[in-house]
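Notes follow the structure.
Whatever order the structure lists them in is the order used to number ligands and atoms, beginning at 1. For the single chain, residues carry numbers from 1 onward in sequence order.
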Amino acid sequence: MRLGCILKISRYHVFTCCLDGQNYATVKIETEGGVYGLGDATLAGRELAVVAYLNEHLLPTIIGRDAFNIEDLWQYMYRTAYWRGGPVSMTAIGAVDVALWDIKGKALGVPVYNLLGGQSRRGIRAYAHAWGKSVDDTVQAVADRLAEGYTAVRFSCTVPGLPDSYRVLNLAAPSSGDARTLPPAETWDTRRYLDFIPKLIGELRKELGPDPDLLHDVHHRLTGVEATWLTHRLEPFRLYWLEDPIRPGLADEYTLLRQRSIIPLAAGETFHDMSECYEFVARRLIDHLRMSPSHSGGLTNIRKIGAFAEIHRVAMACHGPIDISPVGIAAAAHFGLSTHNYSLQEHVPYGSETAAVLPYSFNVREGYLHPGDKPGLGVDLDDHLASQFPFKASYLPMVRTLDGTVHDW
Ligand code: KDG
Ligand code: MG
């Protein structure tokens with residue numbers, strides 16, 4: 001027997017805009033009762049592919065369906081596509097799914113975390129980014145974040161001899177606005193990087209002492225052997241985690257690293273589906289899983305992945321860079337607040353344009369993120385204002401080695 005429809009989906013729209021130099025795609029789903037929800041459809045450098053997937057394949061088919069039947073709609077979107085999975089479709093499904101949770105929270109007058117089981121903690125411990133062009137700059141940048149109240153900081157630094165390497169800020173800054181322009185190229189040299197990072201963290205510990213939790217993101221650039229070499233040199237400095245040392249599809253290389261190193265590992269920001277994280281979690285090849293509601297099929301899917309990780313004593317730590325919109329960060333915050341096995345939330349402050357177009361109620365106080373207590377996600381969209389910040393074609397930088405060979409991002 002099927003119960004009657006509670007809130008019929010009546011309209012949808014996908015907005016793209018460029019705010020503070022960053023492209024965002026946002027889906028808005030409206031219901032007959034006037035309640036609407038938002039989902040984050042941003043996939044850096046491939047935003048318009050997600051928009052097309054939404055407009056051509058998903059959204060027209062959910063008109064007239066009950067927004068309250070989130071699980072059924074999720075299974076419909078996921079299972080009925082013969083060509084299942086992948087970043088584009090899982091981001092599109094995630095955007096619709098998160099919008100449905102937003103609708104349900106608003107319709108019932110409760111924040112989304114209360115639909116997910118309620119508060120598991122007072123706030124989610126957040127980590128900030130610190131980046132410098134030199135060792136001194138980087139020490140200062142980490143010290144600044146600590147002074148702001150964060151107790152965990154991810155550090156990165158330009159590698160000496162590679163001035164345009166590792167430019168991790170303003171990743172997708174629109175360059176020429178011409179979609180045919182190739183992405184800007186960074187230079188990479190593994191030997192220089194491997195020599196430098198142990199010295200950098202040694203200086204950080206010398207200047208900042210043993211207390212702060214320090215994190216480092218390799219962005220998938222090493223092989224298993226190179227990563228093992230690095231972790232041996234980092235072990236004395238108590239890293240909170242080493243992130244994405246190796247391209248994550250390579251579970252065998254992670255096995256090698258895992259067996260020879262005692263550094264906690266984080267990976268998974270580019271996974272989308274349970275099948276991709278299964279081996280990493282079940283074989284406990286990592287300690288922190290970085291999948292996010294935005295890129296992994298929304299809250300419906302990330303909850304199941306989180307429960308699977310809990311059984312295997314792997315923590316969730318959702319990806320939260322600037323190229324996930326406030327809608328996606330709010331979804332991660334509601335999930336993090338209500339999920340027992342949640343370790344850390346990446347947090348990068350948004351600029352004023354983003355705050356005006358996508359006003360959000362989550363906040364960071366003394367290094368802890370809270371999603372706020374508004375019904376739904378606690379994020380809104382000023383669609384009129386959004387139209388004044390048009391989308392600009394842009395790509396993440398690519399990476400080439402010193403001899404010009406294309407390298408993994
Ligand atoms: O789009 C790529 C970025 O989201 C990514 O480089 C950020 O690695 C990242 C992180 O951990 O935030
Ligand atoms: Mg990362």
Side-chain angles (χ1 to χ4, degrees), residues 18-25 40-50 87-88 90-91 94 126-131 145 150 152-157 165-175 183-186 188 193 197 213-222 227 239-249 254 264-272 276-277 280 286-296 315-329 332-333 336 343-350 354 369 393-399 407-409:
C18 183
L19 306 170
D20 301 305
Q22 188 66 56
N23 283 320
Y24 296 114
D40 180 18
T42 311
L43 184 63
R46 297 291 183 273
E47 298 85 356
L48 300 183
V50 180
V88 173
M90 294 307 280
T91 303
Y127 74 89
H129 289 189
W131 175 77
R145 298 292 89 75
Y150 292 96
V153 182
R154 179 188 103 172
F155 65 90
S156 353
C157 180
S165 75
Y166 230 66
R167 200 182 39 196
V168 289
L169 289 183
N170 212 6
L171 283 170
S175 36
E186 292 183 0
W188 178 254
Y193 170 79
I197 294 300
D213 276 323
L214 299 173
L215 296 75
H216 183 63
D217 190 347
V218 185
H219 296 298
H220 317 120
R221 292 187 185 180
L222 302 177
L239 212 52
Y240 183 89
W241 79 39
L242 186 71
E243 179 177 338
D244 284 333
I246 311 166
R247 193 86 210 147
Y254 267 88
L265 300 175
E269 68 181 45
T270 56
F271 292 162
H272 321 288
E276 283 171 289
C277 72
F280 285 79
I286 54 174
D287 301 277
H288 305 265
L289 181 60
R290 304 268 294 135
M291 294 171 79
S292 68
S294 290
H295 298 143
S296 310
M316 297 300 295
C318 294
H319 190 209
I322 198 76
D323 52 34
I324 286 183
S325 92
V327 180
I329 296 299
S343 53
L344 271 188
Q345 178 59 48
E346 180 176 19
H347 180 256
V348 187
Y350 292 106
T354 311
L369 173 72
S394 73
Y395 294 99
L396 294 168
M398 63 183 295
V399 181
H407 194 272
D408 276 333
W409 202 87

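- For ligand 1, the atoms lying closer than 4.0 Å to a non-hydrogen atom of Arg290 are 10 (C), 11 (O).
- Under 4.0 Å from ligand 1, not a single heavy atom of Ile324 appears.
- Residue Glu243: an N/O/S atom is found under 2.8 Å from the Mg ion (ligand 2).
- Ring centers of Phe271 and Phe280: under 6.0 Å apart, within the cut-off.
- Here the closest non-hydrogen pair linking Phe155 and His216 is O-ND1, 2.9 Å.
- Distance alone, capped at 3.5 Å, is enough to place a donor-acceptor pair between the His272 side chain and the His295 backbone.
- The backbone N or O of Cys318 lies less than 3.5 Å from no partner atom in the side chain of Glu346, so there is not a single donor-acceptor pair.
- Of all atoms in ligand 1, listed by their number and element, those nearer than 4.0 Å to a heavy atom of Arg154 are 9 (C), 10 (C), 11 (O), 12 (O).
- You'll find the ring centres of His220 and Trp409 outside the 6.0 Å limit.
- Looking at His129 next to ligand 1, no N or O pair under 3.5 Å apart turns up.
- Of the candidates Arg46, His295, Glu269, Glu269 brings a heavy atom nearest to atom 9 (C) of ligand 1.
- Note: angle at the Mg ion (ligand 2), from OE1 of Glu269 to OD2 of Asp217, is 180° (rounded to 10 degrees).
- A donor-acceptor contact shorter than 3.5 Å links the side chain of Asp20 to the backbone of Thr354.
- The neighbour count for Arg247 CZ, taken as heavy atoms of other residues, nucleotides or ligands under 6.0 Å away, is above 12.
- Of all the atoms in ligand 1, the ones that sit under 4.0 Å from a non-hydrogen atom of His319 are 4 (O), 5 (C), 7 (C), 9 (C), 10 (C), 11 (O), 12 (O).
- Interface atoms of ligand 1 facing Leu396, defined by a heavy-atom separation under 4.0 Å, are 1 (O), 2 (C).
- Without hydrogens or angle criteria, Trp241 side chain to Asp217 main chain gives no donor-acceptor distance under 3.5 Å.
- No N or O atom of Trp409 sits closer than 3.5 Å to an N or O atom of ligand 1.
- The ligand atoms of ligand 1 that sit less than 4.0 angstrom from a heavy atom of Pro321 are 4 (O), 7 (C), 12 (O).
- In terms of polar-atom proximity, defined here as any N/O pair under 3.5 Å, Tyr127 makes no such contact with ligand 1.
- Contact atoms of ligand 1 toward Asp217: 8 (O), 9 (C), 10 (C), 11 (O) (distance under 4.0 Å to a heavy atom of the residue).
- A 4.5 Å side-chain heavy-atom check between Glu269 and Asp244 finds at least one atom pair inside the cut-off.
- Near Ala44, the atoms of ligand 1 lying under 4.0 angstrom from a non-hydrogen atom of the residue are 1 (O).
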